[in-house]
Protein chains: 2
Amino acid sequence: MTGRSRFVSAADVAERAGVSRSAVSRAYTPGAHVSAETRRRIYAAAEELGYRVNRLARSLHQPRSDLVGVVGANLANPYISAQLAALSAALQRRRLQCLLLNTAGSGPGAQEDLARLLDYRVRTVVLLSGAAPDALIRLCAQNGARMVLINRPAPPEGAAADLILADSAEGGRLAAARLRAAGCRNVAVVISASRTSAKLDRARAFAEDMARHGVPVTRWAKGENSYQTGVEAARALLARPGIDGIFGVTDEIALGVLNTARAEMGRRVPDDLSVIGFDDAPVSAWASHGLTTVAQSLEALTAATLEAIDCAPEAPPLHLRLPVALVERSSVALAAHRHDVIVP
Amino acid sequence: MTGRSRFVSAADVAERAGVSRSAVSRAYTPGAHVSAETRRRIYAAAEELGYRVNRLARSLHQPRSDLVGVVGANLANPYISAQLAALSAALQRRRLQCLLLNTAGSGPGAQEDLARLLDYRVRTVVLLSGAAPDALIRLCAQNGARMVLINRPAPPEGAAADLILADSAEGGRLAAARLRAAGCRNVAVVISASRTSAKLDRARAFAEDMARHGVPVTRWAKGENSYQTGVEAARALLARPGIDGIFGVTDEIALGVLNTARAEMGRRVPDDLSVIGFDDAPVSAWASHGLTTVAQSLEALTAATLEAIDCAPEAPPLHLRLPVALVERSSVALAAHRHDVIVP
DNA sequence: CTGTTAGCGCATTCAC
DNA sequence: GTGAATGCGCTAACAG
């Protein structure tokens with residue numbers, strides 16, 4: 001069709017419509033002036049040829065692109081996938097494009113893969129999983145891209161990145177208080193092995209709060225952030241009697257615990273064991289689970305992310321702390337009755 | 001830093017390293033020859049400045065880009081998210097970038113949003129949800145991009161698109177046979193309202209096979225492809241006794257049915273009611289569900305998609321039919337005993 | 001092996 | 001309002 005290239009270009013359209021290339025360019029530039037007749041002929045020619053403005057070429061002129069890099073690892077995780085669904089839909093509404101990077105597929109070269117996002121001149125890099133090495137944050141700054149960290153640990157120091165954090169400490173305390181109210185006297189917290197991120201904060205706040213009230217806490221920290229980790233934790237922790245409450249730092253983990261406790265370890269939940277999670281993933285509300293959990297609002301998270309994305313490149317970093325709330329369902333005992341404890 | 005632009009360019013690096021721009025370009029081009037010393041100085045300068053090759057500009061020269069457009073609507077759906085996770089990881093391994101489009105966020109302008117993917121000169125458009133209007137398929141062809149349809153209806157005719165289909169008919173028959181083996185004599189199939197896609201084929205094959213064996217089938221086709229649709233179907237279908245087997249054309253739907261049957265409608269599954277799904281989403285294997293289902297292999301699906309992506313633009317369209325297999329779990333009764341039926 | 005030149009597709013001056 | 005010329009950042013074909 002075009003002769004010289006696979007793609008149809010503005011020159012092709014110009015020739016077809018009998019106008020100059022500049023006219024074509026103007027016809028697709030919002031602020032430009034073209035006569036109605038010229039525009040009509042250009043659009044007609046474009047339609048026939050299947051012409052589309054090449055945004056790759058266009059972006060060479062613009063100070064920043066419409067590309068937003070989104071980085072995740074556990075894309076099949078119920079909460080992460082809900083996050084991604086909400087974020088990508090919101091980006092779509094703003095006419096921003098989402099360049100998705102799944103670091104689970106990148107092996108040891110993850111750092112390099114992350115950097116490669118910048119090759120596409122993304123205006124922002126949003127991190128849903130993993131950590132942000134300061135080298136990468138510096139790279140972003142040098143290339144005029146903002147970096148948004150969602151429930152990630154704060155960067156080393158001085159490194160400028162937007163921070164969006166659900167209130168992990170408050171969430172950990174809420175979970176602890178709720179289990180105590182249920183009369184639990186010997187609890188466990190299940191974390192994955194990941195040493196980064198908000199998950200540690202949730203666990204720490206939980207443990208501290210329990211310690212302050214004299215309740216012993218067993219820590220289980222192996223595996224990745226997955227359902228399977230919850231399964232294995234439950235098998236180990238419930239092998240013998242004792243534990244009467246478990247906090248999974250993630251709904252997915254907590255659901256692994258919950259299901260294994262019931263199906264394999266012969267526990268009645270919440271009668272013998274109370275289980276509580278963190279996230280409020282859609283699946284936690286299903287009748288098969290009824291997981292009591294600490295909710296972080298997806299809407300608030302998405303709105304905050306968009307706010308960060310809208311920031312000018314040189315604007316000072318944003319630090320947003322999002323509130324959390326306890327969602328009561330049926331995986332935690334209603335009140336203390338098995339131990340004759342007075343709820344504070 | 002650079003003076004003229006936000007981004008650091010090859011010219012900046014060249015100046016800093018005391019070489020020409022071409023040398024910089026060559027240092028980053030796989031097949032090119034640069035002396036070790038020159039390369040070292042260039043890399044050093046690039047490191048200091050935070051230089052990265054601008055792939056947007058680079059792609060102006062290349063016949064096709066490294067961008068693959070991936071289109072989905074229900075990104076939070078358990079199976080779709082698993083699909084996306086597998087696909088994006090695989091793309092990552094191939095050094096291909098994933099441009100994600102969530103059509104759920106685009107409202108009525110979905111068609112235009114889809115077309116906008118081509119503005120980025122994606123080499124391939126992969127459709128996970130929704131339909132492919134022939135106008136769009138034509139547009140792809142005109143722009144040298146292939147279109148890959150996964151479990152989508154075949155395009156009108158002559159329109160060239162790669163088709164990757166799990167064997168819906170076989171799956172529907174497997175589900176029917178399994179329910180009959182369980183002794184079901186009055187069954188229902190739950191479809192969403194979507195008139196497109198493989199879901200209809202699954203339901204049709206199921207219904208035909210049942211009809212052939214004289215088993216009446218109730219059709220329930222409202223709502224979208226979601227858990228909630230399964231919930232509402234179960235409420236309606238199980239309001240009075242009669243139905244003893246339900247086929248959900250999607251695991252998510254089937255799980256809505258399963259959970260509602262148990263928790264709200266007082267049915268014991270599989271004793272009073274057998275439930276079977278389609279997909280084999282990870283969550284279906286959880287102990288809380290134990291959903292018997294028709295599995296389409298994620299690995300096979302991903303491999304097939306990559307095969308299509310690897311095709312040259314002018315290669316003839318691919319038509320791949322992927323086998324399905326029944327995965328036995330605990331949501332379907334073991335054998336016919338309630339009705340004294342001989343299993344064929 | 002290196003630097004110079006041209007051109008990718010586009011937006012944006014500048015004349016007319 | 002329109003067309004010709006320039007430059008965005010890069011690669012490739014050219015000469016040295």
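Every chain is numbered from 1, with letters handed out A, B, ... down the list of sequences. Predicted model, so just to flag it, every value in this text is computed and none were measured.
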**Report entry** Pairing residues for Glu48(B) by the side-chain hydrogen bond (donor to acceptor under 3.5 Å, both in side chains) criterion, not counting sequence neighbours
**Finding:** Arg16(B)

Report task. For Arg123(B), check side-chain hydrogen bond (donor to acceptor under 3.5 Å, both in side chains) against everything at least two apart and list the hits. Result -> none

**Report entry** Of Leu60(B) and His33(B), the one whose closest DNA chain C nucleotide lies more 5'
**Finding:** His33(B)

Query - Residue list, side-chain contact (heavy atoms from CB on, under 4.5 Å) with Ala160(B), at least two apart or on another chain - result: Pro317(B)

**Report entry** With Gln296(B) via side-chain hydrogen bond (donor to acceptor under 3.5 Å, both in side chains) - residues at least two apart
**Finding:** Asn151(B), Asp279(B)

Requested in this report: Quick one, give me the B/S/- string for nucleotides 10-16 of chain C, reading 5' to 3', where B means a protein heavy atom under 4.0 Å from the base and S means that only happens at the primed atoms, P, OP1 or OP2.
Outcome: BBBB---

Requested in this report: Sort out for me which residue in Leu149(B), Val148(B), Val126(B), Leu318(B) forms a side chain to side chain contact (heavy atoms under 4.5 Å, CB included) with Ile164(B).
Outcome: Val148(B)

Report task. Nearest whole angstrom, please: distance from the P of dG9(D) to the CD of Glu15(B). Result -> 13 Å

Query - Within residues 37-46 of chain B, residues whose heavy atoms come under 4.0 Å of DNA chain D - result: none

Query raised in the report: Please give, in whole Å, the distance from dG9(C) C1' to Asp12(A) CG?
Result: 10 Å

Please tabulate, for side-chain N and O atoms in residues 93-100 of chain B, each donor-acceptor pair with protein atoms closer than 3.5 Å (sequence neighbours left out).
{"from": "Arg94(B)", "atom 1": "NH1", "to": "Asp310(B)", "atom 2": "OD1", "distance (Å)": "3.2"}
{"from": "Arg94(B)", "atom 1": "NH1", "to": "Asp310(B)", "atom 2": "OD2", "distance (Å)": "2.3"}
{"from": "Arg95(B)", "atom 1": "NH2", "to": "Asp113(A)", "atom 2": "OD1", "distance (Å)": "3.3"}

Query - side-chain hydrogen bond (donor to acceptor under 3.5 Å, both in side chains) partners of Asn54(B), counting only residues at least two apart - result: none

**Report entry** Axis bend over the full length of the helix from dC1(C)-dG16(D) to dC16(C)-dG1(D), computed from five pairs that close each end, to 10 degrees
**Finding:** 40°

Query - salt bridge (charged side-chain N to carboxylate O under 4.0 Å, His left out) partners of Glu299(A), counting only residues at least two apart - result: none

Report task. Taking salt bridge (charged side-chain N to carboxylate O under 4.0 Å, His left out) as the test, write out the residues that go with Arg55(B), two or more places apart. Result -> Asp66(B)

Query raised in the report: Residues two or more places apart in sequence or in another chain: which of them pass salt bridge (charged side-chain N to carboxylate O under 4.0 Å, His left out) with Arg121(A)?
Result: none

